[in-house]
Amino acid sequence: MKAKFPDNFLWGASSSAFQIEGGWNEGGKGPTVADVNSFKRSHLQADSKVASDFYHHWPEDIALMKEMGLDIYRFSISWARIIPDGDGEINQEGIKFYNDVINCLLENGIQPFITLYHFDLPYALVEKYNGWESRECVKAFERYAKVCFEAFGDRVTYWQVHNEQNLMVRVDERVNITAEDSWEADRQRAQMDYHMFLAHALAVKACHSIIPEGKIGPAVSSTCTYPKSNRPEDVWAARLNDWFKTDYCLDMHYYGRYPGYYMRYLKERNIVPVMMPEDEEILKDAKMDFIALNYYRTLCVSYLPADDDHPVGERTFPINQVDFDQYGYFHHIKNEHLASSEYGAQIDPLGLRTVLNNYYQKYHLPLIVTENGLGTADTLTEDGKVHDDYRIDYLREHILACSQAIEDGVEMMGYSPWSVMDLLSSHEGFKKRYGFIYINREDHDLKDMRRIKKDSFYWYSRVIKTNGEEL
C-alpha cells in the first residue's frame, strides 16, 4: 500500500510526563493532581511513582527514538517539576532535567514538540485556589509558560498549551471538582474551562513575544459523531455533540468568544462564567499557528428530548463522564457498523479523514495528529518478542486516512501517534498498552523495566524511512 506525504512531513510519537516519567518526588518535583488521582488506585494498578521510568532511562529511550527515525518527539513538561508549588520558586533541577532531554533529542536529530500542561496541575494550586476556578491559577500558568519559553525557546520551535482541555474539563477528577451537587459542579467546570481558555491565550501571546519563530497551538480531543438515523432530530443531535464536545473549544481559541449555541447552554444552566472586561481583547488577539488533534474513535447519537423531570441542558452519564448525554441535545448509542477495541473505542479510520477535513475547512490552519493509537494488552513471547500486528493494522489504516485527507486538500504538518512506549494508563495501568516499545513491567511487579522493540517499532521505522510510502 502506498500513500503520499509532503517532503517536510513530521513523523513522531507521543507521551506525557505523569504517564511516562516516574521520579514523581525526585529532583525537587512537587505532587500533581495526576499523582494524587493515580495514588487513589495504587492498590488496583500501577501509579505515577515509577510509570515507565523515563526519568532514569531517558538517554536509552531517546537512542531508541533515534533508531525508530522520529522527526519529532511530542512530550509534556511537568509544571510541578519546574515550579513545585505551581506559583512559587523555580526549581533549577527541573529546568536542568528538561534541558538535558531537549539537548539529547536535538543531538539525535529529533525536534522536541512540547506540551505545557497534560492533566497534571500542581496539587498546591488546588489547595490554595481550587485550581482553575481561580484567576490566580491563570496568572500562575502564564508565569510558568514564560519560564519554559525563556528556558527552552532557543531550541524548541513547536509548543502545545493544554492537552485536551475540552476532554479534561468534562472529567471531575482531572480538574479536581469534588462538589456533590451537579449544578455546582457544572458552575465550577464552566469557570475552570473559561480560565483555561484565558491561560491558553496568554501563553500564545507570550510564546510569540519570547520566541519569534515559535509555533504554538492547542491539542484538542477530536470528535466525529454520526446520527443514529436520517431523522432530522438525530442529524442535528450529532452536530450538537461535535459542537459541544470539541468545536466550541476550537471556536474559542480561534475567534476568542463562545459560539452562540454554547453561550445559550451556559445561560440555560445559569453557569455563565465570570469574565473581566479586559479578557475580550486577550482572547481575540491570541492567534494559534496550528491545530493539533488527538483521535481514537467516533461516536453515534440520537436526539434526547427534555421533559418535566429533566430540563434542557441537564447532563447525564450513562457511559462515562467524557461521553455525557444531554437532555434536549443528544444520547449516545453504539454504532452497529463499527468494530470496537477491547476497551470499547469504536475503530473508524474514515472518521479521522472526516475531522481533518472539517477542521481544515473551518479554520484553514495546518493540522497535526498528536495522539492516535490502539490500547490493548500485549504478550511478551518466551524469546522476548511482541507481535502486535493488530496495532500495525490500526495505525496503517489511520495513516492512510491522513494521506487521503491531504489529497482532499488538507494541510497536514505531521503525525505523532500514541505512544512512543508503553506508559501508565489512567484507569488500566500497564494492562492497556499503546507503545512501539514494550516496557517489561506489570502493575505491581517492576521486573527489570527492560525496553523491548515490538513488531510495530520496526514497521513504523520503515514507514518513516519511506515517508509513508511503505505501509
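- For Tyr254 and Asp247, the side-chain atoms include no donor-acceptor pair closer than 3.5 Å.
- Looking at Tyr194 and Asp279, their side chains do bring a donor and an acceptor atom within 3.5 Å of each other.
- Residues Leu356 and Val410 share a closest heavy-atom pair of O-CG2, 3.7 Å.
- Both cation-pi conditions hold for Lys432 and Tyr343: the charged atom is under 6.0 angstrom from the six-membered ring centre and inside a 45 degree cone around its axis.
- For Tyr394, the ring-ring contact (aromatic ring centres under 6.0 Å, His included) partners two or more places apart in sequence, or in a different chain, are His398.
- When the salt bridge (Lys or Arg N to Asp or Glu O under 4.0 Å) test is applied to Glu411, no partner is found at least two apart in sequence or on another chain.
- The minimum heavy-atom distance linking Tyr144 with Leu116 is given by the pair OH-O, 2.7 Å.
- Sorted by first and then second residue, the side chain to side chain donor-acceptor pair (under 3.5 Å) pairs with a member in residues 58-69 read His57-Glu60, Asp61-Arg451, Glu67-Lys453; sequence neighbours excluded.
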Working note: His56 + Glu26, criterion side-chain hydrogen bond (donor to acceptor under 3.5 Å, both in side chains); need CA distance, chi angles, decisive distance, verdict. CA-CA 10 Å; His56 297 106; Glu26 295 181 57; 3.0 Å; yes
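- Among pairs with a residue in residues 208-241, those fulfilling ring pair (Phe, Tyr, Trp, His ring centres under 6.0 Å) read Trp236-Trp243, at least two apart in sequence or across chains.
- Using a 3.5 Å distance cut-off with no hydrogens or angles, the side chains of Asn294 and Asn163 do pair a donor with an acceptor.
- With respect to the salt-bridge test (charged N to carboxylate O, under 4.0 angstrom), the residues Asp285 and Lys205 do not qualify.
- Arg155 places a side-chain N or O within donor-acceptor distance of the main-chain N or O of Ala151, the cut-off being under 3.5 Å.
- Classification of the Phe290-Tyr158 ring pair by plane angle, with boundaries at 30° and 60°, yields perpendicular.
- Ring centroid separation for the pair Trp459 and Phe436 does not come in under the 6.0 Å cut-off.
- Separating the OH atom in Tyr438 from the OG atom in Ser456 is a distance of 13.0 Å, to the nearest 0.5 Å.
- In terms of modelled atom types and a separation under 3.5 Å, the side chain of Lys29 and the main chain of Trp24 share a donor-acceptor contact.
- Ring-plane geometry between Tyr98 and Phe152 is classed as perpendicular, the angle between the planes exceeding 60 degrees on a 0 to 90 degree scale with a lower cut at 30.
- With values rounded to the nearest 0.5 angstrom, Leu198 atom CG is found 12.0 Å from Lys139 atom NZ.
- Ring-centre distance between Phe324 and Phe244: not below the 6.0 Å cut-off.
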Are Met412 and Val369 close enough, and set up right, to give a side chain to side chain contact (heavy atoms under 4.5 Å, CB included), and what steps lead you there? CA-CA 8 Å; Met412 276 199 77; Val369 173; 3.9 Å; yes
Taking it one step at a time, do Phe75 and Phe113 satisfy side chain to side chain contact (heavy atoms under 4.5 Å, CB included)? CA-CA 6 Å; Phe75 64 101; Phe113 200 114; over 6 Å; no
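- Between Tyr296 and Tyr434, the ring-plane angle classifies as perpendicular under the 30° and 60° cut-offs.
- Because its NZ or CZ atom is both nearer than 6.0 Å to the ring centre of Phe430 and within 45° of the ring axis, Arg441 counts as a cation-pi partner of that residue.
- For Tyr258, there are no side chain to side chain donor-acceptor pair (under 3.5 Å) partners two or more places apart in sequence or in a different chain.
- In summary, Arg239 and Asp242 do not engage in a salt bridge, as defined by a charged side-chain N under 4.0 Å from a carboxylate O.
- Side-chain atoms of Asn320 come within 3.5 Å of backbone atoms of Val322 as a donor-acceptor pair (strictly under, hydrogens ignored).
- When only modelled atom types and interatomic distance are considered, Ser425 and Glu428 share a side-chain donor-acceptor pair under 3.5 Å.
- Side chain to side chain, Asp35 and Ser38 fail the donor-acceptor criterion of an N or O pair below 3.5 Å.
- The nearest pair of heavy atoms linking Gly86 to Trp79 is O-NE1, 3.1 Å.
- In this structure, Glu470 contributes its side chain and Arg462 its backbone to no donor-acceptor pair below 3.5 Å.
- Of the inter-residue distances, the one linking Asp388 atom CG with Thr379 atom OG1 reads 10.5 Å to the nearest 0.5 angstrom.
- Contact check on Glu21 versus Arg81 returns a salt bridge, with a Lys/Arg side-chain nitrogen under 4.0 Å from an Asp/Glu carboxylate oxygen.
- The CZ atom of Arg391 sits 11.0 Å away from atom OG of Ser341, with the distance rounded to the nearest 0.5 Å.
- Residues passing the side chain to side chain contact (heavy atoms under 4.5 Å, CB included) test with Asp383 are Thr381, Lys385, sequence neighbours excluded.
- Within the structure, the side chain to side chain donor-acceptor pair (under 3.5 Å) test picks out the following pairs touching residues 412-424 (sequence neighbours left out): Ser14-Ser416, Asn372-Tyr415, Asp422-Arg433, Asp422-Lys454.
- No side-chain donor-acceptor contact under 3.5 Å links Asp348 to the backbone of Thr298.
- Applying the salt bridge (Lys or Arg N to Asp or Glu O under 4.0 Å) test to Asp323 and every residue at least two apart in sequence or in another chain returns Arg297.
- For Asp172, the salt bridge (Lys or Arg N to Asp or Glu O under 4.0 Å) partners are Arg189, not counting sequence neighbours.
- Sorted by first and then second residue, the pairs that involve residues 105-117 and meet side chain to side chain donor-acceptor pair (under 3.5 Å), not counting sequence neighbours, are Arg74-Thr115, Thr115-Gln160, Tyr117-Trp132.
- Considering all non-hydrogen atoms of both residues, Pro417 and Tyr460 come closest at CD-OH, 3.4 Å.
- Checked by atom type and distance alone, the side chain of Asp234 pairs as donor or acceptor with a backbone atom of Tyr303 at under 3.5 Å.
- Within the model, atoms CD1 of Ile20 and NE2 of His118 stand 11.0 Å from one another, a figure rounded to the nearest 0.5 Å.
- Panel note: side chain Asn37, backbone Glu173; a donor-acceptor pair is recorded below 3.5 Å.
- With rounding to the nearest 0.5 angstrom, the CG atom of Leu367 is 6.0 Å from the CD1 atom of Ile291.
- A donor-acceptor pair is defined here as one N or O able to donate and one able to accept, closer than 3.5 Å; such a pair exists between the side chain of Asn166 and the backbone of Ser221.
- Side-chain atoms of Thr225 and Asn241 form a donor-acceptor pair, as typed in the model, at a separation below 3.5 Å.
- Proximity of a side-chain donor or acceptor of Asn335 to a complementary backbone N or O of His337 within less than 3.5 Å is detected.
- Salt bridge annotation for Lys146-Glu150: absent, with no cationic side-chain nitrogen under 4.0 angstrom from a carboxylate oxygen.
- When all heavy atoms are compared, the tightest approach of Arg170 to Gln321 is O-CB, 3.5 Å.
- For His162, the side chain to side chain donor-acceptor pair (under 3.5 Å) criterion is met by no residue, not counting sequence neighbours.
- Lys228 meets the salt bridge (Lys or Arg N to Asp or Glu O under 4.0 Å) test with no other residue; sequence neighbours excluded.
- Between Thr223 and Tyr359, the shortest heavy-atom distance links the atoms N-OH, 3.3 Å.
- Side chain of Asn467 to backbone of Phe5: a donor-acceptor contact under 3.5 angstrom is found.
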